[in-house]
Amino acid sequence: RMPSSPPVPSIATEVLKQYWGYESFRPLQAESVSAVLQRRDSLTVLPTGGGKSICFQVPAMCMDGLAVVVSPLISLMKDQVDALRTCGIEAAFVNSTQSEQDKRDVANSIRSGELKLLYMAPERLLMPRTIDFLKSSGVSFFAIDEAHCISNWGHDFRPEYRGLRTLKQQFPGVAVHAYTATASEGVRNDIAEQLGLKNAEILVGDFDRPNLTYRMLRTQGRIGQVMEVVNRHQGESGIVYCISRKEVERVAATLTSNGVSALPYHAGMDDGKRQANQDAFINEKCDVIVATVAFGMGIDKSNVRYVVHAGMPKSIEHYQQESGRAGRDGLESECVLLYSGGDLVTWKKIMSGEPGGLRAAVASLDAMYDLCSGAVCRHRAIVSYFGQEYATDSCDACDVCLEEIELAESPIVIGQKILSCIVRLNRRFGAAHTAKVLIGSKESRITDLRHDQLSTYGLMAREGSAAIRMWIDQLVAQGFINRTGEYQTLSLSDSGWQLIRGEVTPRLTKAGPETKSRASSAG
Ligand code: ADP
């Protein structure tokens, strides 16, 4: 936590009050605003909802000239600009949806010196015509929103962002400021490097959301689990995220038929209907919105009491953002995530059809799965993913620390059985095969490889394959097992060998009814 905010020029506080009606800056906003006013390159990392926009909008109003805001999402520009105009701020956007006349109007308002903020997508900004025009227009600074899009280490790489590195050359005297909610150290450094920031002030906000209680459960009749959470929060606002549009329709229909006031939201619906459903949710005309990740960007509803993920999100960044839409008013709120190994497979299928950084995408996905299955404090796991330390021993606000997760009785013995099997398989096999050997599968692949001759063959027949797979995930998340390469083969880490010797204890959860039943049907 910040001890006390440094002084920010009083003009900034006055602007904040005059245009937005806010009394004071939030943590890190003052520092971030000061960096812009000092014309020092900067990178501000604040979680979603932390208030990044104010960090560049306020200085834009304090400084002479035009602030240029780069934003990747054309669909959000209009909302942002409308919101600014409502506050009495001269703001505009230029994009492909506008008529020639609209664009001429914007150009005129720049020439006349009235315009304070201009929103654009990178590809438009980087057109030689735009660059030339802006060179003669007196740019106060550049604000790069969603700056992680420049890094292919990140979860949302956009090649058109790469060109932004020319800004420092094209506008040598103008500062560039970057804003993102993605703080992992690698991405952070990459952003500064890719943008060519000079002696940048790097400001990283607090990623912990202490008022959120996290629960991450293996699926066990998904829809019933969703219903359970929704029923716990009768009459309260909640968001249910699903991976696919089909799932959105299915979940929304089930909720509705159970008397819940719920509406669907996804990109496959026609615009009018989608907007109407969003408005109904925001205006408290319905309690629950069932949505794909398309929902939520730029939406600002403070009293969302719970967020359910009916399927696992594709990265911890996405999870932080989506779950972070709960409890923006600071009141206690619940975030429940349902996950299965099948979700992992579903995402990999979706990702293999997407262009660009598949390897980075899969790494982010695996990190998400490890978080779910890892059985370590959720608050700690999330903030440490974002490169921050978590000082408290128990958060008292997650299923792990609240001890809602039942632990297996002899974790050392279970761990040792699994690890000795992995040792015997000699780094050449993945989790599925390892589990088959341990349950004593009679599949021909096992017998052909003569793995039925191994001393660990059938050693865990009683526990079943689903439970073994779960424990392997947990041993991976806790660093006892390495899972590497294209085939995700398993091998022991140093602490894995310590576990074999009985020097350390893993944290393994009890096999639930779901893992049992899957085991018996897996045969
Ligand atoms: P981000 O871009 O980081 O997700 P936003 O800029 O959209 O966050 O801000 C989230 C919400 O917080 C907005 O409703 C914004 O008006 C509000 N907000 C930002 N700064 C302040 C402040 N200093 N005081 C009160 N509300 C603020």
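Atoms within each ligand, like the ligands themselves, are counted from 1 in listed order. Small disclaimer: the values here were computed from a predicted structure and weren't measured.
Protein heavy atom closest to atom 4 (O) of ligand 1, with residue, atom name and distance, is Gly49 N, 2.6 Å. Shortest contact from atom 9 (O) of ligand 1 to any protein heavy atom: Gly51 CA, 3.4 Å. Annotation: atom 14 (O) of ligand 1 to nearest protein heavy atom, Asp300 OD2, 2.4 Å. Among protein heavy atoms, the minimum distance from atom 17 (C) of ligand 1 is reached at Arg26 NH2, 3.5 Å. Counting protein heavy atoms only, atom 20 (N) of ligand 1 is closest to Gln29 NE2, 2.8 Å. For atom 7 (O) of ligand 1, the closest heavy atom belonging to the protein is Ser53 OG, 4.0 Å.
Ring pair Tyr369/Tyr339 is perpendicular by interplanar angle, where above 60° counts as perpendicular and below 30° as parallel.
Atoms of ligand 1 found under 4.0 Å from any heavy atom of Pro47 (numbered from 1 in listed order, with element): 3 (O).
Using a cut-off of 4.0 Å between Lys/Arg side-chain N and Asp/Glu carboxylate O, Lys17 and Glu14 are scored as not salt-bridged. Using a cut-off of 4.0 Å between Lys/Arg side-chain N and Asp/Glu carboxylate O, Arg26 and Asp206 are scored as not salt-bridged.
The distance criterion of under 3.5 Å between nitrogen or oxygen atoms is met by Tyr22 with respect to ligand 1.
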Q. Please walk me through it: do Val290 and Cys242 pass side chain to side chain contact (heavy atoms under 4.5 Å, CB included)?
A. CA-CA 7 Å; Val290 185; Cys242 302; 3.9 Å; yes
Q: Any chance you could lay out the salt bridge (Lys or Arg N to Asp or Glu O under 4.0 Å) test for Lys246 and Glu249, step after step, and finish with the verdict?
A: CA-CA 5 Å; Lys246 223 171 85 189; Glu249 296 290 351; over 6 Å; no
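Just one residue in the list Thr392, Thr213, Asp208 forms a side chain to side chain donor-acceptor pair (under 3.5 Å) with His379, and that residue is Asp208.
Within the 4.0 Å heavy-atom shell around ligand 1 one does not find Ser302. Contact between Ile54 and ligand 1 is present, with at least one heavy atom of the residue lying under 4.0 Å from the ligand.
Residues passing the salt bridge (charged side-chain N to carboxylate O under 4.0 Å, His left out) test with Arg245: none are found, sequence neighbours excluded. Residues satisfying the salt bridge (charged side-chain N to carboxylate O under 4.0 Å, His left out) criterion with Glu404, sequence neighbours excluded, are Arg215.
Neither the backbone nor the side chain of Glu23 comes within 4.0 Å of ligand 1, counting heavy atoms alone. With a 4.0 Å heavy-atom cut-off, ligand 1 is reached by the backbone of Ser24 but not by any atom from C-beta on.
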